[in-house]
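What follows is a single structure, written as structure tokens, with notes after it.
By convention in this document, chain letters (A, B, ...) are assigned in the order of the sequence lines, proteins followed by strands, and residues within each chain are numbered from 1.
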Amino acid sequence: MATSGLPLSNGIPIFSGMKRFHSQLLKWYRANRREMPWRNTSDPFAIWVSEVMLQQTQVNTAIPYFNRFITAFPTPAALAEASEDDVLKLWEGLGYYARARNLQRAARQVVQLFNGQVPSDKASFQSLTGVGPYISAAVMSIAFGRPAAAVDGNVKRVLSRVTMNDAPVNAASSHAVYQPIADRYFNPNAPGDHNQAMMELGANVCQPKTPRCSQCPVRQMCTAYKQDAVVQYPKVEQRKKVPTRHIAVGVIQKGNQLLICKRKPDGLLGGLWEFPGGGVEKDESAEAACVRECKEEVNLTVRVTGKLTTVRHAYSHFKIVMDVFMCAVQNGRVRLRGPVACQWVRPAELGRFAFPGANHKFIPLLLQALELQSQLKSEKQ
DNA sequence: AACTCGGGGCG
DNA sequence: CGCCCAGAGTT
């Protein structure tokens with residue numbers, strides 16, 4: 001049964017070169033590691049923040065967000081005391097906003113339960129909101145030197161190839177498969193560097209489509225490489241294709257002000273601000289949907305004065321085609337049904353609020369249109 | 001175990 | 001376009 005005749009431990013092949021695997025990997029990492037702002041600190045809070053930002057997010061995307069965020073909130077206490085709007089504004093554009101809301105919740109837990117200090121034991125740290133197996137292992141190993149194997153998408157891919165494991169890396173059950181393998185390959189003599197080296201290897205050498213095996217420091221210990229099967233791994237589950245939804249949005253103007261609404265605190269884009277709108281129903285025009293949604297969400301009867309643009313945007317599980325209309329209030333007083341807050345703001349103030357990406361796709365055009373509008377008005381006088 | 005949750009980079 | 005990304009919470 002044994003895979004390539006190797007001895008097994010818990011079903012995982014043990015090869016005699018584990019020490020060589022560790023030393024080759026570390027040597028490569030220490031010579032090739034990329035510069036990252038969170039690699040210049042030993043502050044557990046900063047390292048924690050970086051790991052949260054790096055969930056499902058590439059390093060280069062996270063870097064500027066990290067620098068702004070850790071400057072604004074250098075400690076758990078500072079984050080705990082901030083307003084959620086300020087936190088979301090700094091997260092704006094990074095996506096997966098529950099990460100920001102959970103991180104702030106966790107910061108408050110740290111202040112209340114741990115005297116403001118990030119706990120250095122795994123059980124306490126992992127009890128915090130938003131801290132799962134990966135972040136727990138990453139922070140414990142990198143910040144505190146504790147032995148914990150971090151398993152992310154990179155590590156699963158590397159281990160899938162190294163051991164030729166057929167478990168699909170994107171399956172729900174994949175973590176249960178790859179965590180014990182990562183434990184077996186873990187290097188307790190260099191917890192933080194080993195974890196980062198595995199991830200760095202996955203990101204820069206053992207890449208999904210175009211692995212650069214010629215540069216790989218552990219190819220002699222890689223089963224797939226030795227069997228010329230690297231590109232057959234990892235196995236991946238096929239994804240369902242995402243549906244498209246049609247959305248209508250109203251930019252409601254009153255004088256020189258616009259109405260913006262704050263989304264409920266959980267779910268999609270929770271806590272972000274947006275222009276009111278919603279789904280276009282079957283056999284309904286986008287314009288009619290805009291009028292209906294404005295009535296339903298903020299209780300205003302509006303009249304569409306023109307169409308601004310159409311915007312396309314992709315989320316994880318669906319795509320949207322969004323028609324944006326300029327509207328004027330005919331009658332009604334604002335009463336909220338759905339949004340948890342709303343506010344009339346001048347165009348220049350929009351930048352103070354966190355908006356979803358789909359809104360940002362038309363805001364520059366909106367500002368341009370409003371500017372043109374005000375120029376025409378002043379010329380008339 | 002399946003679903004939800006963003007946005008960008010890249011072939 | 002589809003895939004992937006230093007995943008975690010909810011159902």
Side-chain angles (χ1 to χ4, degrees), chain A residues 29 33-34 36 38-39 47-66 88 91-103 105-106 126-143 148-158 168-179 182 192-204 206-211 234 236-244 263 265-272 274 312-320 354-361:
Chain A
Y29 173 65
R33 67 178 220 159
R34 294 170 287 179
M36 301 176 193
W38 48 86
R39 285 185 172 164
I47 292 167
W48 174 16
V49 169
S50 77
E51 295 298 347
V52 175
M53 288 188 169
L54 287 166
Q55 279 183 48
Q56 301 299 102
T57 304
Q58 297 186 348
V59 167
N60 287 336
T61 303
I63 287 176
Y65 284 90
F66 172 82
L88 288 174
W91 211 273
E92 180 184 32
L94 197 53
Y96 283 162
Y97 298 95
R99 294 183 294 176
R101 303 191 302 267
N102 288 338
L103 182 57
R105 219 177 297 167
Q126 204 165 335
S127 74
L128 300 169
T129 309
V131 178
Y134 167 75
I135 291 191
S136 170
V139 174
M140 288 301 107
S141 64
I142 297 170
V151 179
D152 73 334
N154 289 309
V155 173
K156 283 189 280 189
R157 182 173 57 256
V158 169
V169 290
N170 61 346
S173 54
S174 72
H175 183 80
V177 173
Y178 288 99
Q179 180 72 61
D193 277 1
H194 173 82
N195 281 334
Q196 294 185 82
M198 290 288 284
M199 295 189 277
E200 193 92 335
L201 187 71
N204 285 347
C206 197
Q207 293 152 318
K209 301 291 184 190
T210 55
V236 180
E237 271 186 354
Q238 200 166 9
R239 312 186 176 196
K240 286 190 279 187
K241 55 188 253 183
V242 299
T244 299
R263 293 176 65 96
D266 51 6
L268 182 71
L269 305 168
L272 271 65
E274 66 180 2
R312 292 167 195 281
H313 195 74
Y315 295 98
S316 300
H317 284 72
F318 60 97
K319 303 174 190 177
I320 61 173
F355 284 88
N359 278 230
H360 277 292
K361 285 184 176 175

Separation of atom CE in A:M53 from atom P in B:dG6, rounded to whole Å: 15 Å
Nucleotide C:dC5, atom P - distance to OH of A:Y96 in whole Å: 12 Å
Donor-acceptor pair present, A:T57 side chain and B:dG6 base, under 3.5 Å: yes
A:Y134 and A:E51: side chain donor to acceptor below 3.5 Å: yes
Touch class at under 4.0 angstrom, heavy-atom based, for A:L94 against every strand present: base
Minimum side-chain heavy-atom gap A:L128-A:W48 below 4.5 Å: yes
Rounded interatomic separation in angstrom, taking CD from A:Q58 and C1' from C:dC5: 5 Å
Interatomic distance at P, C:dA6 relative to B:dC10, whole Å: 12 Å
Sugar-phosphate, base or nothing in reach of A:S50, heavy atoms under 4.0 Å: nothing
Protein-nucleotide distance (A:Q55, atom CD; C:dG7, atom P), rounded to Å: 7 Å
Integer angstrom distance from the P of C:dT11 to that of B:dG6: 15 Å
Whichever of A:G357 and A:T210 has its nearest DNA chain B nucleotide further upstream toward 5': A:G357
Short side-chain N/O contact from A:K361 to OP1 or OP2 of B:dG7, under 4.0 Å: no
Sugar-phosphate, base or nothing in reach of A:Y315, heavy atoms under 4.0 Å: sugar-phosphate
Flag side-chain contact, heavy atom, 4.5 Å: A:H317 against A:P243: no
Presence of donor-acceptor pair under 3.5 Å, side chain of A:S316 and base of B:dG6: yes
Touch class at under 4.0 angstrom, heavy-atom based, for A:R33 against every strand present: nothing
Check: A:N102 and A:Y96 side chains under 4.5 Å, non-hydrogen atoms: no
Phosphate OP1/OP2 of C:dG7 contacted by A:Q56 side-chain N/O (<4.0 Å): yes
Of A:W38 and A:N102, the one whose closest DNA chain C nucleotide lies more 5': A:W38
Length of the line joining A:N359:CG and B:dG6:C1', which is rounded to integer Å: 14 Å
Pairwise 5' ranking along DNA chain C for A:E200 and A:V242, keeping only the more 5' one: A:V242
B:dG7 phosphate, OP1 or OP2, under 4.0 Å from A:Y97 side-chain N/O: yes
Sugar-phosphate only, base, or nothing, as touched by A:G270 at under 4.0 Å among non-hydrogen atoms: nothing
Touch class at under 4.0 angstrom, heavy-atom based, for A:G93 against every strand present: sugar-phosphate
Donor-acceptor pair, side chain of A:R99 and main chain of A:M53, under 3.5 angstrom: yes
Donor-acceptor contact below 3.5 Å, side chain A:N170 vs main chain A:E237: yes
Side-chain donor/acceptor contact of A:Y134 with base of C:dG7 under 3.5 Å: no
Integer-rounded Å distance: C:dC3 P and A:K209 NZ: 7 Å
Separation of atom CZ in A:F66 from atom P in C:dA6, rounded to whole Å: 17 Å
Under 4.0 angstrom between A:R239 side-chain N/O and C:dC4 OP1 or OP2: yes
Under 4.0 angstrom between A:H313 side-chain N/O and B:dG7 OP1 or OP2: yes
A:K361 side chain vs A:R312 backbone, donor-acceptor pair below 3.5 Å: yes
Sugar-phosphate, base or nothing in reach of A:V59, heavy atoms under 4.0 Å: base
Protein-nucleotide distance (A:L103, atom CG; B:dC5, atom P), rounded to Å: 20 Å
Sugar-phosphate, base or nothing in reach of A:V131, heavy atoms under 4.0 Å: sugar-phosphate
Phosphate OP1/OP2 of C:dG2: any A:K319 side-chain N/O under 4.0 Å: yes
N or O in side chain of A:R157 less than 4.0 angstrom from C:dC5 OP1/OP2: yes
Sugar-phosphate, base or nothing in reach of A:K156, heavy atoms under 4.0 Å: nothing
